[in-house]
Amino acid sequence: MDQKAHELLQELTDVFKTREKQLKQAEAALDNRVKHFEDENKQMTTVQVADNDIIDIINIGGTIVSTKRSTLTQAKGSSLAARFSGRWEQCLDRDAQGRVFLDFDPFCFQIVLTYLRARCMDNTLGRMTPSPAVTSEKEHEYQGLIKYLGLEDYMGYSQARFATHHRHILLSPDAPTAGIQPGYDTEGRRDVQGSLQMLAGKTYYYKLRICELSKTGIDMFFGVCTQYDLSKHENVPESARFGFCNASHVYKAGPASSDGPINGTPLAMVEWQAGDCLLLQVDLQKMCMTFTSSRASTPMQGPLSLTDDQYPLVLLVSLYARPHRVQLQPITAADCAKLKLGK
């Protein structure tokens, strides 16, 4: 018994020593973290920053730009915002004149800065800012820059999504693409709604690419509707749909529709076909929708007459016959210029 007791005591002593060593190591690691935090905090408190600070930036090639700190920090959570938050002020590379040096392509960074300035203005006006247009030669470098700066979501490269849908609709895993499921070949309306709720007084843009279409001119709807639970309803009621129909060439305005002039603009729609891109602007301040397609010569505009109980609105797309598949895509300034919704 004495031998067993001795062995047990030795075993417990070894366990205790191991745990004691682990505890000391954990305490040392915690002390290092506390010291690092205190050093970082001292560095932060020694630099006083404000949103209205003017920051001079010099880029590769000597390009110099000046902008407000608030412009650079508006995309909360991005690495760009962190870089100019004041937290890392002492770590920024500077030239002899104290200007911040950024080792970025000046052309690409100027596009980013122009967008951020426009976004500040558009935010105060309650409207969306189209994503920038970039030449094909610079596209790869530009995409790398906005990814590096953590601006992919903020600058519109996080695609719009579909959400609730008819039971015959199949969504892609990341939900920008919707199509009629295999096996449901009979013609009939199948609705799919967007995920974003549109609120009164704001403007929204959508771009939809037709990936597959059973035949040119087959019916299809692109517009908005009062949000409905499509798990309980097969489709959105006609009285709650506002938008443009392909085959019938009409504008749906809730319970009414029109195949004649809308606000003085003839409804001369080009029949949609696979490969077409459709663009929709929903202006909930002026209470109208503007639509065009990649092969149309002029945009069309239709009125929105809504009551308070019809909000929130969501995007609505109606598909009719297989194969029929569509994809939501990011809006760019080039889209707006090409489709004549921008200046």
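Taken to the nearest 0.5 Å, the CH2 atom of Trp272 stands 12.5 Å off from the SG atom of Cys277. For the atom pair OG (Ser318) and NE2 (His324), the distance works out to 9.5 Å, reported to the nearest 0.5 Å. Atom OH of residue Tyr148 and atom CG of residue Leu80 lie 10.5 Å apart, to the nearest 0.5 angstrom. Between the CG atom in Leu278 and the CD1 atom in Ile210 there is a gap of 4.5 Å [rounded to 0.5 Å]. Atom CD of Glu20 sits about 11.0 Å away from atom CD of Gln22, to the nearest 0.5 Å. Atom OG of Ser78 sits about 8.5 Å away from atom CG of Leu116, to the nearest 0.5 Å.
Gln110 places no side-chain N or O within 3.5 Å of a backbone atom of Phe107 that could act as its donor or acceptor partner. No donor-acceptor pair under 3.5 Å is formed between the side chain of Thr177 and the backbone N or O of Ser172. With hydrogens and angles disregarded, a donor-acceptor distance shorter than 3.5 Å links the side chain of Ser79 to the backbone of Leu149. A donor-acceptor pair under 3.5 Å links the side-chain atoms of Arg190 to the main chain of Gly188, judged by distance alone. In this structure, the side chain of Asn246 engages the main chain of Ile218 through a donor-acceptor pair within 3.5 Å.
With contacts defined as side-chain heavy-atom distances shorter than 4.5 Å, the pair Thr226/Leu306 does not qualify.
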Are Glu141 and Lys138 close enough, and set up right, to give a salt bridge (Lys or Arg N to Asp or Glu O under 4.0 Å), and what steps lead you there? CA-CA 5 Å; Glu141 192 168 1; Lys138 288 288 186 179; 3.8 Å; yes
Could you walk me through whether Tyr206 and Val224 pass the side chain to side chain contact (heavy atoms under 4.5 Å, CB included) check? CA-CA 10 Å; Tyr206 290 96; Val224 300; 5.5 Å; no
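The minimum heavy-atom distance between Gly223 and Leu280, with the atom names listed, is CA-CD2, 3.8 Å. Of all heavy-atom pairs spanning Glu271 and Asp276, the tightest one is O-OD2, 4.0 Å. Smallest separation of non-hydrogen atoms from Arg69 and Ser85: NH1-C, 4.4 Å. The two residues Leu328 and Leu315 make their nearest non-hydrogen contact at CD2-CD2, 3.6 Å. Residues Tyr311 and Met198 come closest through the heavy atom pair CD2-O, 3.9 Å.
Classification of the Tyr228-His233 ring pair by plane angle, with boundaries at 30° and 60°, yields perpendicular. The aromatic rings of Phe244 and Phe291 sit parallel to each other, their planes meeting at less than 30°, with 60° as the upper class boundary.
With respect to the salt-bridge test (charged N to carboxylate O, under 4.0 angstrom), the residues Glu89 and Arg94 qualify. Classification of Lys24 and Glu27 as a salt-bridged pair fails, no side-chain N sitting under 4.0 Å from a carboxylate O.
Residue His166 is tested with Asn235, Leu230, Val192 for a side-chain contact (heavy atoms from CB on, under 4.5 Å); the sole match is Asn235.
A search for ring pair (Phe, Tyr, Trp, His ring centres under 6.0 Å) contacts involving His165 returns nothing, not counting sequence neighbours.
Val314 forms part of no hydrophobic cluster, judged by ILVMFWY side-chain heavy-atom separations under 4.5 Å.
The side-chain tip of Arg241 points at the ring of Phe221 from less than 6.0 angstrom away and within 45° of straight on.
Between the side chains of Gln193 and Gln227, no donor-acceptor pair of N or O atoms lies under 3.5 Å.
Atom CD of Gln285 is surrounded by 12 or fewer heavy atoms from other residues, nucleotides or ligands within 6.0 Å. Within a 6.0 Å sphere centred on CG of Asp309, heavy atoms belonging to other residues, nucleotides or ligands number more than 12.
If you chain together hydrophobic residues whose side chains sit under 4.5 Å apart, Val65 and Leu92 fall into the same group. Tracing side-chain contacts under 4.5 Å through hydrophobic residues (I, L, V, M, F, W, Y), one never reaches Leu316 starting from Leu279; they form parts of separate clusters.
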